[in-house]
Student: 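Got a structure here, written out as structure tokens. Questions coming.
Only a predicted model underlies this, so the values are computations on that prediction, with no experimental measurement involved.
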Amino acid sequence: MSAQKIILKILSICFSVFILIAVAVGIYQGGKTVYHFGYRVFTESPVDEPEEGKDKVVQVTSGMGAKELGDLLERKGLIRDANLFVVQLKLSAYSNEIKEGVYTLSTSMTAQEMMQIMSAEDLDDTETEE
């Protein structure tokens, strides 16, 4: 076997090991990112502490999708990540329950609390007991 063939074989092995390491690191980083996103879906804290919360007025229109609502809430500073809100909304009981209207939400509310407020029945629509 010539020296040239030996060198090419060693380079080929080094390249293969490099590719395997790069794939392993990519899988690890991707898994870590997905895990943290999934963890945040269920544990995301409010933007502000309760004593520092600021009220923001939000208008939800008919036909507004989860992504548009998430973008609106992110622009208003009520949530940190619109994509995270979309997943939280889709996984919640409020998925198809958000009603159009004007809402006053606080930066000290969780996404779950905001969804609950935006899906609540109007007081005028509920029956009162006599």
Side-chain angles (χ1 to χ4, degrees):
M1 222 173 172
S2 71
Q4 185 178 8
K5 286 185 180 183
I6 292 172
I7 292 174
L8 286 176
K9 189 66 169 174
I10 291 172
L11 287 176
S12 173
I13 291 171
C14 289
F15 183 72
S16 297
V17 168
F18 174 76
I19 294 297
L20 286 173
I21 290 172
V23 167
V25 168
I27 289 172
Y28 172 76
Q29 290 296 331
K32 192 167 102 173
T33 301
V34 169
Y35 171 80
H36 286 294
F37 185 83
Y39 182 79
R40 286 180 57 205
V41 166
F42 299 103
T43 62
E44 186 74 0
S45 61
V47 173
D48 290 331
E49 295 297 321
E51 54 279 343
E52 299 172 358
K54 297 172 201 72
D55 289 342
K56 307 279 180 144
V57 176
V58 175
Q59 181 172 6
V60 178
T61 58
S62 63
M64 184 178 270
K67 180 64 176 154
E68 291 86 10
L69 181 57
D71 289 338
L72 174 64
L73 295 176
E74 186 176 16
R75 273 195 318 273
K76 294 280 187 168
L78 292 162
I79 59 173
R80 290 182 189 90
D81 186 351
N83 294 323
L84 180 66
F85 179 81
V86 170
V87 173
Q88 289 172 323
L89 181 59
K90 294 292 183 187
L91 293 176
S92 75
Y94 309 110
S95 182
N96 296 317
E97 304 297 322
I98 303 296
K99 296 179 177 34
E100 65 179 295
V102 178
Y103 302 99
T104 301
L105 304 174
S106 174
T107 57
S108 63
M109 292 178 174
T110 63
Q112 186 78 14
E113 292 168 333
M114 290 181 212
M115 288 182 246
Q116 186 176 12
I117 290 171
M118 292 186 287
S119 67
E121 291 289 329
D122 291 335
L123 294 176
D124 298 336
D125 294 342
T126 58
E127 294 181 22
T128 57
E129 294 183 27
E130 295 181 19

Student: Could you go through residues 56-69 and list every donor-acceptor pair under 3.5 Å that involves a side-chain atom there, pairing it with any protein atom two or more places apart or in another chain?
Tutor:
residue, atom, partner, partner atom, Å
Lys56, NZ, Lys76, O, 3.2
Lys67, NZ, Asp71, OD1, 3.4
Lys67, NZ, Asn83, OD1, 2.8
Glu68, OE1, Gly65, N, 2.8

Student: Using the rule given for side chain to side chain contact (heavy atoms under 4.5 Å, CB included), can you reason through Thr110 versus Gln88, listing the C-alpha separation, both sets of side-chain angles and the distance that settles it, and then say yes or no?
Tutor: CA-CA 11 Å; Thr110 63; Gln88 289 172 323; over 6 Å; no
Student: Does one hydrophobic cluster hold both Met114 and Ile117, with members joined at side-chain heavy-atom distances below 4.5 Å?
Tutor: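 Yes, Met114 connects to Ile117 through the hydrophobic network.
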Student: Among Ile, Leu, Val, Met, Phe, Trp and Tyr joined by side-chain contacts under 4.5 Å, find the other residues sharing a cluster with Leu84 and list them by chain and number.
Tutor: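 Answer for Leu84: Phe37, Val41, Phe42, Val87, Leu91.
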Student: To check you understand the geometry: which heavy-atom pair defines the closest contact between Ser92 and Leu89, and what is its length?
Tutor: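 Answer, listing the atom of Ser92 first, then Leu89: OG-O, 2.9 Å.
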Student: Mind checking side-chain contact (heavy atoms from CB on, under 4.5 Å) for Leu11 and listing every partner two or more places apart, or none if nothing turns up?
Tutor: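 Applying side-chain contact (heavy atoms from CB on, under 4.5 Å) to Leu11 gives Ile7.
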Student: For a quick test of reading the model, state the closest non-hydrogen atom pair linking Ser108 to Glu113 and the distance between them.
Tutor: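 Closest approach of Ser108 to Glu113, heavy atoms only: O-OE1, 4.2 Å.
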Student: What's the separation between atom OG1 in Thr104 and atom CG in Asp55, rounded to the nearest 0.5 Å?
Tutor: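 Thr104 OG1 to Asp55 CG: 6.5 Å, rounded to 0.5 Å.
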Student: Heavy atoms only: give me the nearest Ala111-Phe85 pair and the separation to one decimal.
Tutor: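 The answer is CB-CD1, 3.9 Å.
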Student: Hydrophobic cluster membership, with links at side-chain heavy-atom distances under 4.5 Å among I/L/V/M/F/W/Y: are Leu72 and Leu105 in one?
Tutor: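 Cluster IDs for Leu72 and Leu105 match.
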Student: Can you list, by chain and residue number, the hydrophobic cluster partners of Val34 when the side-chain cut-off is 4.5 Å?
Tutor: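 None; Val34 is a cluster of one.
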Student: With sequence neighbours left out, write down each residue that passes side-chain contact (heavy atoms from CB on, under 4.5 Å) with Ser2, or none if nothing qualifies.
Tutor: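 With neighbours one apart ignored, the set is Gln4, Lys5.
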Student: Give the table of side-chain donor-acceptor pairs shorter than 3.5 Å for residues 19-32, with sequence neighbours excluded, one pair per line with atom names and distance.
Tutor:
none

Student: Out of curiosity, does Leu78 fall in the hydrophobic cluster containing Tyr103 (side-chain heavy atoms, cut-off under 4.5 Å, transitive links)?
Tutor: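 Cluster IDs for Tyr103 and Leu78 match.
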Student: Partners of Gln116 by side-chain contact (heavy atoms from CB on, under 4.5 Å), sequence neighbours excluded?
Tutor: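 In terms of side-chain contact (heavy atoms from CB on, under 4.5 Å), with neighbours along the sequence ignored, Gln116 is linked to Tyr94.
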Student: Can you list everything that forms a side-chain contact (heavy atoms from CB on, under 4.5 Å) with Ser95? Sequence neighbours excluded, please.
Tutor: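 side-chain contact (heavy atoms from CB on, under 4.5 Å) check on Ser95 returns Lys90.
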Student: Using modelled atom types and a 3.5 Å cut-off, is there a donor and acceptor pairing between side-chain atoms of Ser16 and backbone atoms of Ser12?
Tutor: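 Confirmed, Ser16 side chain pairs with Ser12 backbone.
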Student: Tell me who clusters with Val47, hydrophobic residues only, linked when side chains sit under 4.5 Å apart either directly or through other members.
Tutor: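 ILVMFWY cluster around Val47 holds nothing else.
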Student: Taking only residues at least two apart or on different chains, which pairs with a member in residues 39-48 satisfy side chain to side chain donor-acceptor pair (under 3.5 Å)?
Tutor: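 As it turns out, the side chain to side chain donor-acceptor pair (under 3.5 Å) pairs with a partner in residues 39-48, which skip direct neighbours, are Arg40-Glu44, Glu44-Arg80, Asp48-Lys54, Asp48-Thr107.
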